[in-house]
Each structure stands twice: as structure tokens, then as C-alpha cells.
Student: 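Handing you this structure, nothing more for now.
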Protein chains: 2
Amino acid sequence: MTQDTPAADTTRDRVLSTSASLFCRYGYAGVSMRKIAQCCDMKAGSLYYHFASKDQILVEVLNLGIEKVHAAVAAVLRVDASPADRLRGAIAAHLHALLEYSSFTSANVRIFRQVPVPVRDSTLEVRRGYEALWDGFLGELKAGGHLRDDVDIRSFRLMLIGALNATLEWFDPELGDVSELADRYADMLANGIFAERGT
Amino acid sequence: MTQDTPAADTTRDRVLSTSASLFCRYGYAGVSMRKIAQCCDMKAGSLYYHFASKDQILVEVLNLGIEKVHAAVAAVLRVDASPADRLRGAIAAHLHALLEYSSFTSANVRIFRQVPVPVRDSTLEVRRGYEALWDGFLGELKAGGHLRDDVDIRSFRLMLIGALNATLEWFDPELGDVSELADRYADMLANGIFAERGT
DNA sequence: GTCTATATCTGGATAGAC
DNA sequence: GTCTATCCAGATATAGAC
């Protein structure tokens, strides 16, 4: 059904990829079937051969977004490395997927809260899986004594993913280096910004 | 023109406040003049007595959003306190404005990137003023030797504001305490999450 | 200051030719 | 698998009564 090929080699894939970019830029309601079709060099009616409705396109875009970033981060976390390097690597993987590789991932971040509730609900399971991936990793770090005792894992994960996703609002991968960005974020988050640790 | 009164005491203010909530929830294109009017117990045609167009409502909503959070944070930063307390206070002020007081602020965060470019451009100046407020404060901290030398102020400001704005996606002020949230965030950002500081 | 009525356009979705 | 043509609901905005 959904393929792993990065580019869009079927019409169906091309429609999904195009829709993701448009949703990301204009929001859910700001994208019409006519516009999607136009960007795929098709007519609107033809889309309904591949998809039953606009919302079906939406659901697939949202799920693919999480699945792609999940796969990227999971691959990095499977590699054995120091806690600092694993955190750096996982952050870098998330940022690359968000900013460079996947319009699905960025679309998910931008429009998730404004899609119809039934659509949102049908993507919650995939979302929870990604959260669990991070919580598992951070739990390991804590169990290994690498995190401060008073750091709450869920709070940190929410702050981290929030900070990473927000780069979408200002970072341009044409102008900056995503890996450098990841290193800077990882350093600030791991070590803090204050010269002296205190209360 | 724009008043400081928290609630909406004129019809014009009520329209703006209602529009902000709707924009925040449904996105720019997802809100119609009919819907705004309906939520204000009016008919769509009546809105045009107060505003020339939907985009004019939008511009005012966006600018009010930044102005409100700017005022809240600036007020806190005027108070003399320790670096840690000032950071905590500024973060708390931003989060309160975002999550509790101002639908304008949350609307701004959610829809800024999807509004028509001319509208976005007409609000850039107000935005820059808020960024300058934070950069000024962080610059003071750095000049006073309170920040690590290798922390880049712009990077941190972007990460911080991004992390704070992202709370909109998951935090419910009915269920959690915004001040506690602010304290946790300030602590993690100031001191980091790792047990030992390192590379 | 708000209403009704309307002009004009664009939206999602379907039917049926090819 | 893609097209054209079309239905109908809903969009912004305007005009003019009250």
C-alpha cells in the first residue's frame, strides 16, 4: 500500500507528496482538490479515482509524516553510542526528516490541530508510537543514571519535540546546516545555558 | 483604536476576540465570515460595518497577539531580580499570555505561516520588536557572565520561543498549572537535563 | 449598527464519455 | 486512468432597507 521509495513513482504517491507540501503551506482548509490536481498536472475529478475524499488524502499524509520521522529516529537509536551522541543523533534524525526529507512530517506538525476531529483521532495511534519511542530512550538514559533525578521524562520529551518542530517556522535548510543546528540544540538541552548550575 | 481592556466591551473587540479563537482552532482558510458572525450572534453582512475585509480582521488579530505577549514579558523584565528568577518570570509571562489570557497570542502562533504573504509582511515589524525584547534580556545575562560563553543568543531565543509556543499543542490550562510548567521549563533550559555536564 | 437579499466565485463530490 | 460537465453547498463582498 504505502511504499518506502523516497520519490513519488506512482500517481498515487505523487498526489500524496504534493498534498503534503500544500497542506503544510496553506493549512488544511486552504487547500482544494482542484489545487492539488493542478499541482499534479491533473484535473480534480481524476483524484477521486485514487482517493475517496479529501479527508482520506489527509489521513494518509498525517500518518506517513509520523511514520517517516519515527523510522529515521528509530534507526539512529539502534546504534550503540554514548548518551550524548545518541541524543544528538536522535535530534539530528528528527530535524533532517522534518526540514529536509519529508513534506509529510512537516505537514503533520503544521496542520494536526486544525484537521477535523475524526481525522485527528484516526492518526493518534501512530503518534503515540512515536512518543513511546522517545520515552523509551529517555527512560534508558535515566535508568543508566545519565539524567538528573528531578527531570521529568514526559515534560522533557514534550519540550524537546516542541522545540524541534518549531524550527519549521524559521529554519531554511537551503541557508543553514541541519546537523549543526542539531548539535547546538542537543548541547543546550543536555547542558543548559547558565554558566553555573543552580536552583 | 485598540484598547487595553481584557474583555470585549465593544462589538468590534468582540469580533476580534471571537475571530482569534476561531483562527486558532480552524486555521486561516477554515474560518468564514459567516462563522465569525454566527459566534458573535450577528449576520455576516454586519461585520463589514466594522471591518473592510476578512484580511483586515486577520491583521489586527495577528498584531494584537504579539503586542499582548510583548507587554506581559516586558512588564516582568522591568522588575529587578536574579538571572534565574527573571528567566523564570519571563517564561511564565509568555506562557500565561499564550495559554490563559490571550486567544490573540495563540492564534498568531498557529496561523502565522499560512496567512497570505502581504498580511504576514504587515505584521513583521511587531514581531521583530518582540524578538528584540528577548535578545536584549539574554544579551544582558551574557554580558553579566551568567550564560555559558558558547551559547548563541539567537539560537537559544529561537529554541526557547519555539518550545514555549509548542505547549499550545498539548497543554490544557484547565488541567495543569501554567506556573509549574514555566518553572520546569526554565529549570531544564537553564541547567540542562544531563546528570553531568560534558561534551 | 444591523438586517436581508443578492452577485459572483470557488469548494467537494459524482456521472459518464473516452 | 483521466477527462468534461455538473450539482449544490458555502465563500467574500456589496447594496440598500430599516
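Excluded from the calculations below are hydrogen atoms, water molecules and symmetry mates; all remaining heavy atoms, backbone and side chain alike, are included.
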Student: By side chain to side chain donor-acceptor pair (under 3.5 Å), which residues pair with E169(A), not counting sequence neighbours?
Tutor: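 Once residues adjacent in sequence are excluded, the partners of E169(A) under the side chain to side chain donor-acceptor pair (under 3.5 Å) criterion are R110(A).
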
Student: Please name all residues satisfying side chain to side chain donor-acceptor pair (under 3.5 Å) with Q56(A), sequence neighbours left out, ordered by chain then number.
Tutor: E60(A)

Student: State the OG-CD1 distance between S155(A) and I193(B), to the nearest 0.5 angstrom.
Tutor: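 S155(A) atom OG to I193(B) atom CD1 measures 11.5 Å (nearest 0.5 Å).
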
Student: Quick one: how far along DNA chain D does chain B reach, first to last nucleotide 5' to 3', anything under 4.0 Å to a heavy atom?
Tutor: dA11(D) to dT14(D)

Student: Residues from residues 47-57 of chain B sitting under 4.0 Å of DNA chain D, heavy atoms only?
Tutor: Y48(B), S53(B), K54(B)

Student: How large an angle, rounded to 10°, do the end axes of the helix from dG1(C)-dC18(D) to dC18(C)-dG1(D) enclose when each is built from five base pairs?
Tutor: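 Here the local axes at opposite ends form an angle of 10°.
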
Student: Report whether V126(B) and V59(B) are members of the same hydrophobic cluster (ILVMFWY, side-chain heavy atoms less than 4.5 Å apart, transitive linking).
Tutor: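 In one cluster: no.
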
Student: What ring pair (Phe, Tyr, Trp, His ring centres under 6.0 Å) pairs are there with at least one residue in residues 140-182 of chain B, not counting sequence neighbours?
Tutor: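 The answer is none; no pair qualifies.
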
Student: With sequence neighbours excluded, what pairs up with R86(B) under the salt bridge (charged side-chain N to carboxylate O under 4.0 Å, His left out) test?
Tutor: E140(B)

Student: I'd like a table of donor-acceptor pairs (distance under 3.5 Å, sequence neighbours excluded) in which one partner is a side-chain atom from residues 69-84 of chain A, with atom names and distances.
Tutor:
residue: S82(A); atom: OG; partner: D85(A); partner atom: N; Å: 3.1
residue: S82(A); atom: OG; partner: D85(A); partner atom: OD2; Å: 3.3

Student: Rest of the hydrophobic cluster containing L124(A) (Ile/Leu/Val/Met/Phe/Trp/Tyr, side-chain heavy atoms under 4.5 Å)?
Tutor: F112(A)

Student: Going by the rule side chain to side chain donor-acceptor pair (under 3.5 Å), which residues pair with Y26(B) if we only count those two or more places apart in sequence or in a different chain?
Tutor: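 Result, side chain to side chain donor-acceptor pair (under 3.5 Å) vs Y26(B): none returned.
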
Student: If you look only at distance, which donor and acceptor atoms sit under 3.5 Å apart when one is on a side chain in residues 91-103 of chain B and the other is two or more places apart or in another chain?
Tutor:
residue: H94(B); atom: ND1; partner: Y130(B); partner atom: OH; Å: 2.6
residue: H94(B); atom: NE2; partner: N165(B); partner atom: OD1; Å: 2.8
residue: H96(B); atom: ND1; partner: E100(B); partner atom: OE1; Å: 2.7
residue: H96(B); atom: NE2; partner: S179(B); partner atom: OG; Å: 3.2
residue: S102(B); atom: OG; partner: F104(B); partner atom: N; Å: 3.1
residue: S102(B); atom: OG; partner: T105(B); partner atom: N; Å: 2.9
residue: S102(B); atom: OG; partner: T105(B); partner atom: OG1; Å: 3.0

Student: Could you tell me which non-hydrogen atom of A186(B) sits nearest to which non-hydrogen atom of R88(B), and how far apart they are?
Tutor: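 Looking at all heavy atoms of both residues, the shortest contact is CB-CG, 3.6 Å.
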
Student: I'd like to know whether CG of D121(A) has more than 12 heavy-atom contacts from other residues, nucleotides or ligands below 6.0 angstrom.
Tutor: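 Yes - once you tally the heavy atoms of other residues, nucleotides and ligands closer than 6.0 Å, there are more than 12.
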
Student: Using a cut-off of strictly less than 4.0 Å between a heavy atom of the residue and any atom of DNA chain C, enumerate the qualifying residues of residues 27-36 of chain B by number.
Tutor: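 DNA chain C contact set from residues 27-36 of chain B: none.
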
